[in-house]
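Shown next, in structure tokens, is the structure this report addresses.
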Number of protein chains: 2
Amino acid sequence: MLNNAAVDRVFHALAEPMRRELVERLSAGPMSVSDLAQPFRVTLAAIVQHVQVLEESGIVRSEKVGRVRTCRLDPDGLKVAERWISERRSLWERRLDRLGELLAEDDPSDSSPTKSKKKRKKP
Amino acid sequence: MLNNAAVDRVFHALAEPMRRELVERLSAGPMSVSDLAQPFRVTLAAIVQHVQVLEESGIVRSEKVGRVRTCRLDPDGLKVAERWISERRSLWERRLDRLGELLAEDDPSDSSPTKSKKKRKKP
DNA sequence: GGCATTGTTTAGCATCGGCTTGACTATCTG
DNA sequence: CAGATAGTCAAGCCGATGCTAAACAATGCC
């Protein structure tokens, strides 16, 4: 995988609770940095640093006009993480489905983990 | 949001590259801890710790039979992260769509920085 | 011009997190 | 039984990370 570094940056960015809240706020619409900072009890500098991380990860884009920097969500950034997850999950779930089919083929017994009895019959 | 702590744990778990590789390996099928550890150049203890984090986050379930602990992916854990992302992203994208419609309605003035020309007509 | 607003940058601090080491338990195998 | 295998636990090292303070720059407003 070549986009490994991108996946890395995105998940690293989303690991931080305050950064996720910033994303949450931005999902409602674009915002200046100080507007973003308003509900938090931290320095503006801290918010700026978080925004930088989000921006380097591709989750957020921003542009400065005058002295105010306006930040907006970039769906493509989030898509990177979303795809990584859904690929792994669907891979695993397909596997589970195939397994279920195999079990159902000739064994109507309960497939729950407690005392699973493996009666395999290969024709 | 009450499941905030769960979201926190899941994203924290996925932030670590080696843990994501473990998830990747597990998406191919269940595995013992030492099988999981095999391709990595770290101690078994390190892998155990990673597995614990993944398990506390709900991404992985495991059961010990005899002296071997078998780990398997739990799709529900990954779903927590997947839903968080897709909710934020789709919220934002819906907003973009509405904006596009509004712009197309009667005001050709440009709201995006790079000369985007949206000529859409709403029937 | 003078002052407030809005960020940006850097250095330092404190905490967190990943990893190792080493001691230990429990289970299999000959 | 002895020894090997598979994992667990606790302590500690050390680099990464979030936050602050402080100095700075650029823009807007009177």
Out of C:dT20, D:dG18, D:dG7, which nucleotide sits closest to the side chain of B:A46?
C:dT20
Indicate yes or no for a side-chain donor-acceptor contact from B:R72 to the backbone of B:R61 under 3.5 Å, with no hydrogens or angles considered.
no
Without decimals, in angstroms, what is the distance between A:L44 CG and C:dT9 P?
12 Å
Run the side-chain contact (heavy atoms from CB on, under 4.5 Å) check on B:E16 and A:F11 step by step: do they pass?
CA-CA 8 Å; B:E16 166 61 50; A:F11 276 110; over 6 Å; no
Could you work out which one of D:dC19, C:dT9, D:dG7 sits closest to the side chain of A:A45?
C:dT9
Once you round it to whole Å, what is the distance between P of D:dC19 and CD1 of A:I47?
8 Å
By a strict heavy-atom criterion of less than 4.0 Å, which residues belonging to residues 48-55 of chain B are in contact with DNA chain C?
B:Q49, B:H50
Contacts of type salt bridge (charged side-chain N to carboxylate O under 4.0 Å, His left out), residue B:E82, not counting sequence neighbours:
A:R89
Would you call B:D35-B:R25 a salt bridge at under 4.0 Å N-O?
no
Nucleotide by nucleotide, 5' to 3', does protein get under 4.0 Å of the base (B), only the sugar-phosphate (S), or neither (-) in nucleotides 24-30 of chain D, counting heavy atoms?
---BS--
Please give, in whole Å, the distance from D:dC19 C1' to A:M18 CE?
9 Å
Separation of A:T70 OG1 from A:E63 CD (nearest 0.5 Å):
6.5 Å
Check the pair B:L14 / A:I85 against side-chain contact (heavy atoms from CB on, under 4.5 Å), numbers first and verdict last.
CA-CA 9 Å; B:L14 290 178; A:I85 295 177; 4.2 Å; yes
Keeping A:R19 on the side-chain end and A:H50 on the backbone end, is there a donor-acceptor pair under 3.5 Å?
no
Compare side-chain N and O positions of B:H12 against OP1 and OP2 of C:dC16 and report whether any pair is under 4.0 Å apart.
no
A:L26 pairs by side chain to side chain contact (heavy atoms under 4.5 Å, CB included) with which of A:L36, A:D74, A:I59?
A:L36
Quick one: A:F40 CZ to D:dC19 P, roughly how many Å, whole number?
10 Å
For C:dG18, take OP1 and OP2 only and decide whether either is under 4.0 Å from a side-chain N or O of B:R19.
yes
Just by distance, with hydrogens left out, do A:S62 and A:E55 show a side-chain donor and acceptor under 3.5 Å apart?
yes
Once you round it to whole Å, what is the distance between C1' of D:dA16 and CD of A:E56?
15 Å
Whole angstrom is fine here: how far is it from CZ in A:F11 over to C1' in D:dT17?
19 Å
Rounded off to whole Å, could you give me the CG-to-P distance for the A:L22 and D:dG18 pair?
12 Å
What's the closest nucleotide to the side chain of B:R69 if the choices are D:dT8, D:dC19, C:dC19?
D:dT8
Taking only the side-chain nitrogens and oxygens of A:T43, find out if one of them lies under 4.0 Å from OP1 or OP2 of D:dC19.
no
Rounded to the nearest Å, what distance is computed from the CD atom of residue B:E63 to the C1' atom of nucleotide D:dA6?
16 Å
